Every structure is written in structure tokens, then in C-alpha cells.
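Notes follow once the structure below has been shown.
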Amino acid sequence: MKKLPVIIILSITFATSCKKENQNKMGHYTPPTAEKNPTKLEKHGDIRIDNYFWMNQRDNPEVIDYLERENDYNDKMTAHTKDFQKQLFEEMKSRIKEDDESVPYKYNGYWYITRYEEGKDYPVYTRKKESMDAPEEILFDGNEMAEGHSFFNLRGINISPDNKLAAFGVDTIGRRIYTIQIKNLETGEIFPEKIVNTTGTSTWANDNKTLFYIGKDPQTLRSEKIFKHVLGTTNSEDMLVFHEADETFSTYVYKTKSQKHLVIGSFSTLTSEYQIADANTPDKGFRVFQPRIRGLEYGIAHYENHFYVLTNADGATNFKLMKTPESKTTKENWKELIPHREDVLLEDIDVFKDFLVISERTNGLNKIRIKRWDNKADYYLPFDNETYTAYTTTNLEFDTETLRYNYNSLTTPLSTIDFNMVTKEQEVKKEQEVLGGKFNKENYASERVWATAADGTKIPISLVYKKGVKKDGSSPLLQYGYGSYGATIDPYFSTTRLSLLDRGFIYAIAHIRGGEYLGRPWYEDGKLRTKKNTFTDFIDCSKFLIEEKYTSPEHLYAMGGSAGGLLMGAVVNMAPELYHGVIAAVPFVDVITTMLDESIPLTTSEYDEWGNPNEKEYYEYIKTYSPYDNVKKQEYPNMLVTAGYHDSQVQYWEPAKWVAKLREMKTDDNMLLLHTNMDAGHGGASGRFEAIKEVAENYAFILDLEGITE
């Protein structure tokens with residue numbers, strides 16, 4: 001239940017399949033049963049009985065016992081695939097360049113490089129002064145820092161303007177609550193003060209001693225306060241700079257690319273607001289850029305004496321670009337630079353000394369537009385694939401002619417490209433290596449097709465498969481979807497997905513409403529009281545793929561995570577007969593109960609996405625699709641459900657309760673498995689190899705259902 005989709009990297013391709021009876025391989029094990037302890041939940045005069053409400057008692061021995069019994073059952077039911085899982089893991093691992101490193105980027109006199117060492121899980125962060133020939137300076141070694149922790153995440157590395165200090169955040173639980181510390185890069189000393197309950201990110205003022213950071217409420221996990229820490233003082237002396245009192249909003253802080261302004265941002269699903277301050281005088285306080293107005297969204301970038309404002313103001317559903325003086329930032333002073341267009345989504349901008357780079361989306365495809373400030377040039381980068389992903393990446397330098405962007409597609413590995421905006425020459429700085437000697441992108445094909453939804457809307461689907469795959473209904477196909485928060489799942493390349501494609505699977509991304517693939521209206525038509533369009537779109541995509549003989553119900557699999565897990569829960573209630581197997585990763589499935597409990601992390605900030613069930617109309621609408629509330633006596637597909645005990649976004653008890661109720665109600669003998677990672681949170685395992693093991697487990701589940709055992 002959060003804005004970033006959980007993407008478990010899956011995809012597939014198999015030429016001949018010999019189905020086998022799963023019962024013969026697995027033996028007969030009795031699935032766990034959960035104690036039924038009816039709890040009466042009443043709202044708006046409506047009574048719901050929740051037999052498994054008690055599972056929300058974190059650390060209750062009975063809850064732990066149930067989760068462990070489910071894990072044990074999962075282990076027994078999949079024991080026959082353990083060797084296959086290991087094979088898949090080694091296969092996927094063998095494609096990865098273990099001693100890899102990022103393309104260096106230059107910032108404030110240093111080249112920064114992130115590298116991995118062979119056999120190790122975590123990155124090493126380094127830099128070199130001025131020249132790539134200079135000695136390497138190790139900033140942080142994630143492998144050393146992770147020792148002794150079953151989960152480890154380092155984020156928010158933030159270098160002071162004088163290059164002498166680095167603030168950084170660490171989470172060793174997986175709940176996305178970080179402790180910030182400061183390291184002296186000249187001596188290697190880590191200062192003793194620890195700033196707890198933060199997002200892990202921070203921003204230095206230009207005085208090299210004042211650090212702004214974001215405080216999290218440890219209960220709701222809402223980013224709600226901005227603090228100012230002065231080097232050499234105790235944490236207890238940190239000053240509260242801003243408290244976001246509206247529980248539907250969260251807050252953050254950053255510095256403009258021009259280094260001139262500190263910015264505090266506040267945001268909800270529908271509304272944004274910014275405050276600015278001079279980065280050279282951090283004690284003078286912040287002033288509001290444009291006061292919040294419900295439904296007004298805007299983002300700001302600074303150049304010379306003006307701000308550039310990306311906004312949906314005055315009905316600009318797909319956003320437009322405005323300009324305003326530094327001294328007059330309220331809406332009435334905004335002047336239009338790029339007007340709103342019905343068929344073009346304006347996604348982002350990058351500001352350079354001589355150029356404005358504009359990221360757009362037309363008919364679902366990324367476009368990168370380059371425009372000189374003096375209007376002597378205005379052109380688009382050429383992309384000619386049918387389906388691809390391109391986006392600007394690390395562009396921290398202001399006075400440069402070079403734009404760095406990434407490009408990949410379902411069949412083309414990720415490339416990092418430096419483009420000279422004056423000469424239009426480009427250099428591929430790095431193309432993702434696929435080791436093992438077996439990959440040739442010419443062996444794979446991708447296409448984009450369009451399904452027709454029940455209301456006549458055309459729904460795009462991106463497909464990838466190995467050339468020669470049969471389109472006679474016999475091929476297995478994995479259909480992935482998300483469809484919430486306006487998050488767009490672009491067609492991307494995956495080395496792990498090759499383990500499915502090479503075994504005959506087709507992989508499909510359904511670009512359903514609720515995302516922003518076809519512009520902001522595509523999102524608006526898949527949220528609140530139109531949310532069910534997301535689910536019916538996915539189902540209609542499945543029907544199209546079956547009708548067009550890409551697959552059949554006996555070979556069709558579905559997957560989604562987080563809000564995409566809600567999607568999975570809804571479609572198996574609505575159309576279980578379409579799918580042979582479903583993977584629901586950390587699924588948000590108990591929508592009403594969660595959205596009525598303001599103590600649960602992130603609930604209040606979600607009202608504009610799902611609706612507030614404290615209002616009767618939203619309560620009644622959500623109740624019509626909430627997966628947990630709509631489980632009924634019927635046959636369900638084979639299902640693998642995953643959870644993270646420390647999950648900060650979707651609490652572990654949602655998938656646990658859902659599985660317990662499914663066991664109680666379903667009328668079939670199909671597999672139903674729950675695997676709870678007791679050491680991780682929303683994103684699963686933290687190390688790169690541990691994460692691949694989870695992918696191998698998911699792959700093995702659906703491959704085994706196809707009778708594919710090697």
C-alpha cells in the first residue's frame with residue numbers, strides 16, 4: 001500500500017510442456033489452520049465479522065506460531081523444487097557481472113562510482129578527486145557495514161559542499177525507519193551522535209555545518225517533521241523547522257540543483273506545497289512558495305533568477321510548465337512556457353546552464369525534448385522501437401553540455417548514454433553485460449498489442465518472448481500488473497526474466513488504468529470510485545491474450561505486488577477461472593479495515609487514492625472489491641502469497657489473514673502457499689543475491705505448475 005510498485009522480476013518462454021500431476025510430486029500435507037476468533041467490526045450500520053482480526057498482534061506468540069507453521073507448510077509443499085530453485089538461482093546469478101561498477105558521474109570536483117565485488121551482496125561507494133586516474137577513496141563499504149545483520153539498507157549518502165563530511169542513513173530491520181549518522185571523510189571517523197526515526201535522507205546547507213533531515217512517526221511511519229541539526233551539538237538540541245500537521249500529507253527536504261535554495265516539500269495524493277529558504281543563510285527560515293490548494297499539484301526547479309513550475313493548475317490534467325520570478329512565487333505570477341496538451345503527459349524537467357530538458361510521454365512512450373534557453377535549438381532524441389523505456393538519469397552538474405540518460409527495452413539490456421546537446425553526438429558509456437555466453441537479443445521479440453476493455457477502452461499490453469514461441473494457446477504466459485498511484489510500469493529489460501523466456505514463457509505487462517502510461521487521465525480513471533477499472537482492465541487483458549491464442553487458462557499466470565497484490569486479490573475473486581497460478585507479493589488485501597485504522601502506517605495519506613471509508617459512499621464502494629471482504633466459496637487458482645514480517649507498507653497480517661480466509665472458503669485442492677520473510681520488509685531481502693533467491697522461488701512455483709522441472 002504505497003506509491004512505489006513492488007516489481008518481482010519475472011518473465012517466460014517454453015516450447016513443449018508435459019503437464020504433471022502436482023499431487024504425485026508433493027505428497028499429501030495438511031495445510032495449517034488458523035484459530036477463528038470472531039471480531040465484530042461495525043461502520044455506517046454495516047457489520048463485518050473478521051475471524052482473523054487477532055493476527056494484527058505483532059510479536060504475539062500465537063501469531064508467530066501461525067506464520068511459522070505456514071512457512072513450514074510452504075517448505076514441505078515446495079521441497080521437490082528446492083534443487084530446481086538452486087539451479088535457477090545459479091543460472092540467474094551466472095548472468096550477473098559480480099564485480100560490476102556504475103558509470104562514474106562528476107559532482108563538485110569528484111568522480112563518484114558505486115561498485116560491487118565478486119561474491120558480495122552489497123555495494124561499495126567510492127570517489128576519485130578531479131580525475132579518474134586519481135586514487136580511489138572508499139566512502140562506505142556496505143558489506144562491512146552489513147556484517148551481523150540479517151537485513152541491511154544504506155541510503156541517503158549526502159556529501160557536504162566542502163566534500164569533507166557525509167551524512168548517511170541505515171535501516172537494519174526492513175521497516176524503512178533509518179538512523180542518520182555523519183562521517184568525517186578526511187579521518188574516517190563516524191561521529192557518535194545518532195539521529196533516529198528518520199527517512200534516512202538529509203540535506204546540507206551551504207555552511208557545511210547545518211543538516212536538515214526528515215523525522216518519521218515511528219507508529220504511523222509518516223514523514224511529518226523537518227529538523228535542523230548543527231554539527232557539534234547534541235540531537236536534543238535539534239530544532240524543529242516544520243511540522244506537517246495534516247495527517248494526509250507527508251514532507252521532505254532537498255536543495256535545488258543551482259545550490260541556491262533549500263526546499264521543504266509537502267505532498268498528498270492530490271496536492272502539493274513548497275517552502276523555500278536561502279541555502280547560504282539556513283537560520284533565516286523558510287517562506288511558502290505557493291500555499292496549498294486542494295487539487296493543485298506543482299513541482300519547482302530553479303535557474304538564474306526564476307523558478308520553473310511543473311503544474312496541473314487551471315485544468316492542466318497532463319501538466320504544463322510555468323515560469324515565475326524568485327521574489328514573486330505565488331500562482332498569480334506564473335507565466336506559461338509550455339502549454340497543456342491533451343495527448344502529451346509532461347513528466348519532468350532537467351535544468352542546465354544553457355538547456356532545458358523536458359521528459360514527456362506520448363501514447364505511452366517516453367520522449368526526451370532538448371530546448372536551448374536562447375531558443376536556437378529545440379528537438380527530440382530519436383527513439384524508434386515499438387516499446388521501450390528511456391529516461392534522464394544522474395545529471396547533477398549544472399554547467400555542462402552533456403545529458404546522461406538510460407535506455408532499454410524488453411529485449412535490449414540497459415544502456416547508459418552521454419548525449420552532447422550541442423553536437424548531438426552520443427556515447428554509450430555502458431551497456432549492461434549479460435554473462436554466460438547464451439544471450440543474444442536477436443533471439444527475442446517484443447511487441448505492443450491493445451486489448452479492448454468492457455467499456456470500449458483500448459488497454460495496451462507490452463509482450464516479450466523468445467522467437468519461435470507458439471501462439472496456438474499452448475504457451476505459458478505470465479501477466480504482470482500494478483495500476484495504482486499513477487505509477488507507470490514501463491517495459492524494461494531483466495536478466496532474471498531470461499530464465500522464464502528461455503523455458504517458453506511469454507511475459508506481458510498490462511498497462512492498466514490506475515497507472516499513468518497513457519497520461520494523467522489514465523490514472524484518474526483507475527482510482528477512488530473508478531478503482532474497479534484497474535481490475536476489469538487486467539481481466540480483459542487476460543481474456544484478449546487467451547482469445548488471440550498467446551496462451552490459455554491452463555497456461556496463464558498472473559502476478560502483482562503491494563497495490564498490485566490488491567489487483568491479484570481482486571481478479572482471483574472476480575475471474576479465478578482465467579488463471580492456472582497467481583503470485584501475490586506483499587499484497588494490500590484488507591482495504592477497508594486498514595483504511596479505517598489511522599494508527600496503521602500510511603493510512604491517512606492514502607485517502608485520496610482509495611477513498612476514506614469513514615465516508616459511507618467510499619466504505620460501500622471499497623467493500624465491493626476489497627479482496628479479503630470478498631473471498632467466497634469458489635475454486636481459486638494455485639497461489640503463492642508472500643509477506644514481510646517487518647513490512648512498513650503492507651502489514652504482514654493482511655496476507656496472513658487473507659490466506660487463512662482463503663483456506664477456510666475455497667472449494668478446490670489447488671495449492672495455496674504463504675511465505676513470510678521474518679527478517680525483511682516491503683522490498684524483500686536486502687542483499688542482491690538474497691533477493692535473487694526470492695525470484696528463483698517465485699519462478700520455481702510457476703514453472704513447476706507447468707511441469708517444467710529443469
Side-chain angles (χ1 to χ4, degrees), residues 1-2 31-43 46-75 150-151 171-177 196-197 216-222 247 562 565-566 569 584-606 610 613-614 622-623 626-631 641-665 672-684:
M1 149 182 171
K2 190 50 187 164
T33 55
E35 179 184 351
K36 295 171 68 172
N37 184 3
T39 299
K40 180 180 176 181
L41 303 173
E42 184 172 358
K43 192 71 178 178
D46 181 60
I47 296 174
R48 294 178 298 133
I49 302 299
D50 188 346
N51 289 323
Y52 307 106
F53 187 82
W54 61 272
M55 288 188 189
N56 68 2
Q57 300 172 46
R58 187 182 298 275
D59 299 330
N60 181 326
E62 293 182 7
V63 173
I64 302 294
D65 175 69
Y66 171 68
L67 296 177
E68 289 178 343
R69 283 189 289 122
E70 284 284 3
N71 279 350
D72 180 64
Y73 178 69
N74 173 67
D75 288 341
S150 57
F151 179 93
D171 172 18
T172 56
I173 295 176
R175 202 152 170 78
R176 300 185 182 179
I177 302 177
V196 300
N197 296 329
K216 264 191 175 184
D217 183 306
Q219 176 66 33
T220 66
L221 302 187
R222 185 170 71 94
E247 293 182 348
S562 193
L566 161 61
V586 292
F588 172 40
V589 286
D590 192 12
V591 187
I592 294 180
T593 306
T594 291
M595 295 304 296
L596 284 172
D597 188 349
E598 295 182 4
S599 71
I600 293 177
L602 309 175
T603 289
T604 54
S605 64
E606 304 279 297
W610 312 103
N614 288 296
I622 293 171
K623 190 179 177 182
S626 176
Y628 184 66
D629 293 285
N630 285 278
V631 174
V641 182
T642 66
Y645 185 64
H646 299 288
D647 198 326
S648 59
Q649 319 297 103
V650 177
Q651 307 306 303
Y652 71 86
W653 59 78
E654 292 201 38
K657 289 169 53 176
W658 184 45
V659 167
K661 189 171 183 180
L662 283 166
R663 290 207 189 287
E664 176 191 352
M665 302 291 286
L672 174 59
L673 305 177
L674 172 65
H675 182 193
T676 303
N677 188 327
M678 302 302 289
D679 296 318
H682 197 60

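Just so we're clear, the structure is a prediction, and the values are computed from it rather than from any experiment. By convention here, the first residue in the shown sequence is residue 1.
- Distance alone, capped at 3.5 Å, places no donor-acceptor pair between the D217 side chain and the R222 backbone.
- With rounding to the nearest 0.5 Å, the separation of CG in L674 from OH in Y73 is 11.5 Å.
- Atom CZ of residue R69 and atom CD1 of residue I64 lie 12.0 Å apart, to the nearest 0.5 angstrom.
- For the pair D59/V63, no side-chain contact is recorded, criterion being any heavy-atom separation below 4.5 Å from C-beta on.
- K36 NZ to I49 CD1: the interatomic distance, rounded to the nearest 0.5 Å, is 11.0 Å.
- E654 contributes no side-chain N or O that, together with a main-chain N or O of F588, makes up a donor-acceptor pair within less than 3.5 Å.
- Ring-plane geometry between Y652 and Y645 is classed as tilted, the angle between the planes lying from 30 to 60 degrees on a 0 to 90 degree scale.
- Considering all non-hydrogen atoms of both residues, A660 and M55 come closest at CB-CE, 3.9 Å.
- Heavy atoms only, all atoms of each residue included: R176 and K216 are closest at O-NZ, 2.6 Å.
- Interatomic distance, CD of E70 versus OG1 of T676, reported as 7.5 Å (0.5 Å rounding).
- At a threshold of 4.5 Å between non-hydrogen side-chain atoms, the residues L221 and R175 count as touching.
- Contact detail for V641 and P655: the closest heavy-atom pair is CG1-CB, 3.7 Å.
- Figure legend: K661 and Y52 shown without cation-pi pairing, the cationic atom not lying both under 6.0 angstrom from the six-membered ring centre and within 45 degrees of its axis.
- Taking both residues in full, the closest heavy atoms of T220 and E598 are given as CG2-O, 3.8 Å, listed atom of the first, atom of the second, then distance.
- Residues I592 and R48 are in side-chain contact: their nearest non-hydrogen atoms beyond the backbone lie under 4.5 Å apart.
- Using a 4.5 Å cut-off on side-chain heavy atoms (C-beta onward), K657 and N51 make no contact.
- Annotation: the span from L566 atom CG to T594 atom OG1 amounts to 10.5 Å, rounded to 0.5 Å.
- Here K40 contributes atom NZ and D50 contributes atom CG; the two are 14.0 Å apart, rounded to the nearest 0.5 Å.
- Side chain of N630 to main chain of S626: a donor-acceptor pair is present (N/O by atom type, distance under 3.5 Å, no hydrogens or angles).
- In terms of heavy-atom proximity, A584 sits nearest to W658 at CB-CZ3, 3.8 Å.
- Counting all heavy atoms, side chain and backbone alike, R58 lies closest to H646 at NH1-CA, 4.3 Å.
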- Query: Step by step, would you call N60 with Y66 a side-chain contact (heavy atoms from CB on, under 4.5 Å)?
  - Reply: CA-CA 10 Å; N60 181 326; Y66 171 68; over 6 Å; no

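- When side chains are defined from C-beta on, P32 counts as touching R663, because their heavy atoms get closer than 4.5 Å.
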